[in-house]
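Please read the structure below before turning to the comments.
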Amino acid sequence: MSSSDSRSKLKPDTQLAHAGRDPLGFHGFVNPPVVHASTVLYPDVGTMVTGGQTYSYARRGNPTTDSLEGALKEIEGAAGVKLANSGLNAIALAILSCVKAGDHILIADTAYGPTRHFADTFLPGMNIAVEYYDPLIGADIKSLFRPETTAVFTEAPGSLTFEMQDVPAIAAAAHEIDATVLMDNTWASPLFCQPIAFGVDLSIQAGTKYIVGHSDVMLGTIAASEKAWKGLDTLHGAMGSHVAPDDVFLGLRGLRTLSVRLERHQRNTRIALDWLKGQEQIGQIRYPALETDPGHALWKRDFSGASGLCGFDFKSGTTQEQAYAFLDALTLFGLGYSWGGFESLAIPVRLKGMRSATKVDPDLQSVRLHIGLEDPEDLIKDMAHAFDKAFG
């Protein structure tokens, strides 16, 4: 059995602890070095002109970036991985690696807001047609294909509203016309979902979230299938993309504890939601890991776990003033747009201008929560206090 075959058979927790490490290659140190560099020297002109050594210039990679890319390549089951300086940067690079002028791209109507902003403000200037689709469309997405359709961008669950997509069915349909399939997989992380295994060509992570896990680094990752790797590698090099070694190292550090952190996020979230669903002010809980969620069957089929990001709708008739009063009364939940760190966060869900292929209720008051690593009993007390302040 080869070394690569042996590594591929390891359980996920073991992969997280060992992938991307080569202690014997670095004098026995457990973690790879943090290489601060730009220039790389060659021993002679012959080696320089033939490219006969591993590293040529730090923008093209160094031992630190190779460690994180190698670890994610193994975990994602990818042909290759490239790093980006944020999740949005990873999304933009992934899209640009597989579309060109005159092409048509389909994007889930529930995609991350900045993804939509990039698609609406930048792609039309490149003469790339953007069309949004209902995330529940499944294999019927083929009805939207045009001769010039070259890419389909998925995200599961959907941003803010948590709808699940039948990504394997969408991928199978897209591959019939040789279109590239992309997926923003940040919610589940590469631990709980490996999109390449069910047909996705470019699996994207905002590594800022769960991979880093400590709210202190901006990072994006793109894992590519064999089909998509050449295009991604070429564009990434042409754009001069590079992530600072200290940020890469912190991504590696976070990756090692991803499993134990997500286990706690998931446990805390279930405890908090079990309490929330009994509150009279709640209309609907949005979390596909719950059996009552409309997307639960798809989640159960394609995912092996759930994260700490969830949402809920207030009951009909709740005013915006009441919803905002609830948020303002929270003391343990910070009001912040990111998530995936150790801390709990909350934001109001504002969908105005964020949907075009699906209908939304403009009067519905909703909240997105990130359940952190605090004791869930304290988080429940905090929410109970906020409900009393807003509705008492």
Side-chain angles (χ1 to χ4, degrees), residues 11-17 72 75-76 87 112 155-165 167 183-195 197 203 205-215 221 251 253-279 282 284-312 332-334 336 338-347 367-383:
K11 300 292 187 181
D13 285 0
T14 309
Q15 282 186 313
L16 288 173
L72 290 170
I75 294 163
E76 295 248 24
Y112 176 52
E155 179 176 342
S159 185
L160 298 177
T161 46
F162 299 94
E163 294 91 342
M164 287 297 300
Q165 292 190 253
V167 178
M183 178 174 171
D184 184 336
N185 185 43
T186 305
W187 182 86
S189 88
L191 179 65
F192 287 157
C193 182
Q194 296 81 42
S203 172
Q205 305 282 335
T208 306
K209 289 13 181 216
Y210 285 119
I211 290 176
V212 169
H214 292 77
S215 300
T221 74
R253 186 188 65 175
L255 191 69
R256 304 305 178 197
T257 62
L258 178 62
S259 179
V260 292
R261 287 186 287 107
L262 277 176
E263 182 180 342
R264 181 59 63 87
H265 282 295
Q266 183 173 205
R267 191 202 73 164
N268 286 0
T269 301
R270 287 185 174 274
I271 293 172
L273 294 185
D274 281 345
W275 177 83
L276 264 176
K277 65 186 180 184
Q279 306 311 300
I282 298 296
Q284 178 183 352
I285 303 285
R286 296 180 180 270
Y287 191 63
L290 295 180
E291 292 185 358
T292 54
D293 190 276
H296 179 72
L298 290 174
W299 171 83
K300 189 174 182 179
R301 185 192 69 187
D302 297 337
F303 292 65
S304 60
S307 68
L309 197 68
C310 58
F312 68 83
L332 295 179
F333 289 81
S338 192
W339 46 275
F342 53 84
E343 78 282 22
S344 292
L345 297 168
I347 62 169
V367 167
R368 189 188 75 182
L369 298 175
H370 178 251
I371 305 298
L373 302 180
E374 302 93 339
D375 190 300
E377 291 187 13
D378 289 329
L379 297 178
I380 288 170
K381 290 177 182 177
D382 193 34
M383 288 189 287

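Here the structure is a predicted model, which means the values were calculated and not measured. What you see below is based on every heavy atom in this structure, not just the backbone, and it leaves out hydrogens, waters and symmetry mates.
- Between I211 atom CD1 and T221 atom OG1 the span is 4.5 Å, to the nearest 0.5 Å.
- The closest side-chain heavy-atom distance from T269 to L369 is not below 4.5 Å.
- Closest approach of P288 to M164, counting heavy atoms only: CB-CG, 3.7 Å.
- Heavy-atom minimum distance, P190 versus L72: CG-CD2, 4.3 Å.
- Atom CG of N185 is separated from atom CD of Q205 by 4.5 Å, given to the nearest 0.5 angstrom.
- Within the 4.5 Å cutoff, the side chain of T161 has heavy atoms near those of the E163 side chain.
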Item to check | Trace of the ring-ring contact (aromatic ring centres under 6.0 Å, His included) decision for Y210 with W187 | outcome: CA-CA 8 Å; Y210 285 119; W187 182 86; 8.6 Å; no
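- You'll find the side chain of H370 reaches within 4.5 Å of the side chain of H265, heavy atoms only.
- Considering only heavy atoms from C-beta on, L379 stays 4.5 Å or farther from W275 through its side chain.
- W299 is not listed as a side-chain neighbour of D293, based on a closest heavy-atom distance of 4.5 Å or more.
- No side-chain donor-acceptor contact under 3.5 Å links R261 to the backbone of L373.
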Next on the checklist: Does N268 form a side-chain contact (heavy atoms from CB on, under 4.5 Å) with E374? I'd like the steps, not just the answer.
Outcome noted: CA-CA 8 Å; N268 286 0; E374 302 93 339; 5.7 Å; no
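- Listed here is the closest heavy atom pair of A188 and L262: O-CD1, 4.2 Å.
- Shown here is R256, whose CZ atom has more than 12 heavy atoms of other residues, nucleotides or ligands within 6.0 Å.
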Item to check | side-chain contact (heavy atoms from CB on, under 4.5 Å) between R368 and L309, intermediate numbers included | outcome: CA-CA 7 Å; R368 189 188 75 182; L309 197 68; 3.8 Å; yes
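- Under a 3.5 Å cut-off, the side chain of E155 and the backbone N or O of Y112 do form a donor-acceptor pair.
- The side-chain heavy atoms of Q165 and M183, taken from C-beta on, include no pair separated by under 4.5 Å.
- Distance CD/Q266 to CD1/I371: 13.0 Å, rounded to 0.5 Å.
- Residues H214 and V212 approach most closely at ND1-O, 2.9 Å, considering heavy atoms.
- Between the S259 side chain and the D13 main chain, no donor and acceptor come within less than 3.5 Å of each other.
- When every heavy atom of W339 is checked against every heavy atom of T186, the shortest pair comes out as CH2-CG2, 3.4 Å.
- Counted within 6.0 Å of CD on Q279, heavy atoms from surrounding residues, nucleotides or ligands total more than 12; the atom is thus considered enclosed.
- Inter-residue side-chain proximity for I271 and I380 is flagged as met; some heavy-atom pair is nearer than 4.5 Å.
- Side-chain contact between E343 and L332 is absent, with no heavy atoms from C-beta onward closer than 4.5 Å.
- Remark: S215 OG to L345 CG distance equals 6.5 Å, nearest 0.5 Å.
- The CD1 atom of I75 lies 7.5 Å from the CG atom of L258; values are rounded to the nearest 0.5 Å.
- In this structure, SG on C310 lies 12.0 Å from CZ on R286, to the nearest 0.5 angstrom.
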